[in-house]
A.B. asks: 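The structure is given below, and queries will be raised subsequently.
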Amino acid sequence: YSSGAVIIEGNRSLILSVKVVLAFGMIGVHFYRGLFLGPRIARTEAPAKKTALQKLSINLVKLNLALGVIIMLFAGVL
């Protein structure tokens, strides 16, 4: 026999763990863009390569936005 409180507590821990993993992912994307990708874009002179790196940077911004939205949705569940 299992009480509902235990199930809710287990789900709460799982959701919190997922939120933490997603937040670390956001932090990783932020530091990659700031410390590695930004300077690489600044050093790149070939227009095609620069455009590709800028597109990657924008896609990482979109990824961070999506992760943030997912985290906020999980926050609403708790």
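All heavy atoms count here, side chains included; hydrogens, waters and symmetry mates do not.
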A.B. asks: Does the side chain of Phe74 reach to within under 4.5 Å of the side chain of Leu22, using non-hydrogen atoms?
C.D. replies: yes
A.B. asks: Grouping I, L, V, M, F, W and Y whenever their side-chain heavy atoms are under 4.5 Å apart, do Ile15 and Met26 come out in a common cluster?
C.D. replies: yes
A.B. asks: Are Leu37 and Phe31 connected, step by step, through hydrophobic side chains (Ile, Leu, Val, Met, Phe, Trp, Tyr) whose heavy atoms are closer than 4.5 Å?
C.D. replies: yes
A.B. asks: Check which hydrophobic residues are tied to Leu73 through side-chain heavy-atom contacts below 4.5 Å, counting indirect links as well, and list them.
C.D. replies: Leu65, Val69
A.B. asks: For the hydrophobic clusters of this structure (ILVMFWY residues joined by side-chain heavy atoms under 4.5 Å, transitively), does one cluster hold both Leu63 and Ile70?
C.D. replies: yes
A.B. asks: Please report, to 0.1 Å, the donor-acceptor pairs under 3.5 Å made by any side chain of residues 49-56, with sequence neighbours excluded.
C.D. replies:
from	atom 1	to	atom 2	distance (Å)
Lys50	NZ	Ile41	O	2.8
Lys50	NZ	Thr44	O	2.9
Thr51	OG1	Pro47	O	2.8

A.B. asks: Can you name the nearest heavy-atom pair linking Val29 to Leu60, along with the distance?
C.D. replies: CG1-O, 3.7 Å
A.B. asks: Locate the shortest heavy-atom distance separating Pro39 from Gly34; write the atom from each residue and the value.
C.D. replies: CD-O, 3.5 Å
A.B. asks: Do Ile27 and Leu35 sit in one hydrophobic cluster, given that two such residues count as connected whenever their side-chain heavy atoms are within less than 4.5 Å of each other, even indirectly?
C.D. replies: yes
A.B. asks: Say whether Val18 and Val20 are linked into one hydrophobic cluster, either directly or through other cluster members, by side-chain heavy-atom distances under 4.5 angstrom.
C.D. replies: yes
A.B. asks: Sorted by first residue and then second, give each side chain to side chain donor-acceptor pair (under 3.5 Å) pair with at least one member in residues 57-78; sequence neighbours left out.
C.D. replies: Arg33-Ser57
